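Predicted model only: the values in this text are computed from it and were never measured.
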Amino acid sequence: MNLKLVSPSVELKESYVDYISEWIEAKEKIVPLSSDSKNLSFEDMLDKWKEESNTEVLSRRLVPANTYFLVDDNNKIYGCLNFRHFLNDHLRYIGGHIGYGVRPSERNKGIASYMLKLALELIDNKYRLDKVLVTCDKNNVGSVKTILNNNGILENEIVDEYKTTQRYWIHLR
């Protein structure tokens, strides 16, 4: 199977609707949050993703970010990844550079690890970062494995009343 990361585009509309429907049918929180349409049309989502990648979001105290989909040759979406270009205080503390999710029917197949690997290559080549921060809930065994499979090094854990968040650094160079 040939999987690649692509930017959102009109060609992905049908696959995106199917992808989001699967999350809704599974009654799961859609992750990363950037892929949740919140009842916006696909065209409005395309505008939103384009706007989020622009430095103009800084005026709203947001960090520029790019959303990518992991697709096959038929444009079936397997997962989504959101890359924040840099860290503000909140992201440094708990959110990290990268958030990702895999559609429920495609989990436990190594897809998240492969998607993160492709993203790290893209970030290294395009954004030239030395390292990225990736966080996850300590109880999310799949996400922990995904990060460790990509050479994540646990820095610490942040415990609050609801969960324990693990903070991992992945060195790119």
I'd like to check the side chain to side chain donor-acceptor pair (under 3.5 Å) partners of [X]; sequence neighbours left out, ordered by chain and number.
X	value
Ser37	none
Asp18	Arg103
Ser143	Tyr100

Using residues 110-123 as the side-chain source, report each donor-acceptor pair under 3.5 Å to any protein atom, sequence neighbours left out, with the distance given to one decimal.
| unit_1 | atom_1 | unit_2 | atom_2 | d |
| --- | --- | --- | --- | --- |
| Ser113 | OG | Asn149 | ND2 | 3.0 |
| Lys117 | NZ | Glu121 | OE2 | 2.8 |

Exercise: identify the closest heavy-atom pair between [X] and [Y]:
X	Y	result
Ile153	His171	CD1-CD2, 4.0 Å
Leu12	Phe42	C-CZ, 4.0 Å
Thr55	Pro64	CA-CG, 3.9 Å
Thr67	Ser34	OG1-OG, 3.2 Å
Thr135	Ile94	OG1-O, 2.7 Å
Cys80	Ser35	SG-CB, 3.5 Å

Got a sec, which residues hit side chain to side chain contact (heavy atoms under 4.5 Å, CB included) with [X], two or more places apart in sequence or on another chain?
X	answer
Asp72	Leu3, Asn74, Lys76, Tyr78
Lys50	none
Asp137	Asn139, Asn140, Lys163
Lys27	none

So how far is it from [X] [atom1] to [Y] [atom2], rounded to the nearest 0.5 Å?
X	Y	atom1	atom2	answer
Tyr93	Leu133	OH	CG	12.5 Å
Lys138	Arg167	NZ	CZ	15.0 Å
Tyr127	Arg84	OH	CZ	13.0 Å
Asn66	Trp49	CG	CH2	12.0 Å
Asp124	Lys131	CG	NZ	14.5 Å
Lys38	Asp44	NZ	CG	14.0 Å

Worksheet item: Between the side chain of Gln166 and the main-chain N/O of Val144, is any donor-acceptor distance below 3.5 Å?
Response: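 No.
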Would you say [X] and [Y] are hydrophobically clustered, going by side-chain heavy atoms of ILVMFWY under 4.5 Å?
X	Y	value
Phe83	Ile77	no
Leu33	Tyr16	no
Leu81	Val6	no
Val31	Val71	yes
Val102	Leu5	yes

Worksheet item: Taking it one step at a time, do Leu87 and His97 satisfy side chain to side chain contact (heavy atoms under 4.5 Å, CB included)?
Response: CA-CA 7 Å; Leu87 302 175; His97 284 98; 3.5 Å; yes
Worksheet item: Would Arg128 and Arg173 satisfy side chain to side chain contact (heavy atoms under 4.5 Å, CB included), going step by step from the backbone distance to the final call?
Response: CA-CA 9 Å; Arg128 311 296 295 165; Arg173 40 184 94 237; 3.1 Å; yes
Worksheet item: Which of these passes side chain to side chain contact (heavy atoms under 4.5 Å, CB included) with Ile170: Ile98, Leu148, Asn150?
Response: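 Per the side chain to side chain contact (heavy atoms under 4.5 Å, CB included) rule, the option paired with Ile170 is Asn150, out of Ile98, Leu148, Asn150.
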Practice prompt. Please say whether more than 12 non-hydrogen atoms of neighbouring residues, nucleotides or ligands are located less than 6.0 Å from CG in Asp160.
Written response: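 Yes, CG of Asp160 has more than 12 neighbouring heavy atoms, counting only those of other groups under 6.0 Å.
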Discussion item. Other residues, nucleotides and ligands only: do more than 12 of their heavy atoms fall within 6.0 Å of CG on Asn156?
Written reply: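 Yes, the 6.0 Å shell around CG holds more than 12 heavy atoms from other groups.
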Go through the structure and list residues passing salt bridge (Lys or Arg N to Asp or Glu O under 4.0 Å) with [X], not counting sequence neighbours.
X	answer
Glu25	none
Glu14	none
Asp73	none
Lys48	Glu52

Discussion item. Salt bridge check, Glu28 against Arg107: does any charged N sit closer than 4.0 Å to a carboxylate O?
Written reply: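 Result for this pair is yes, salt bridge flagged.
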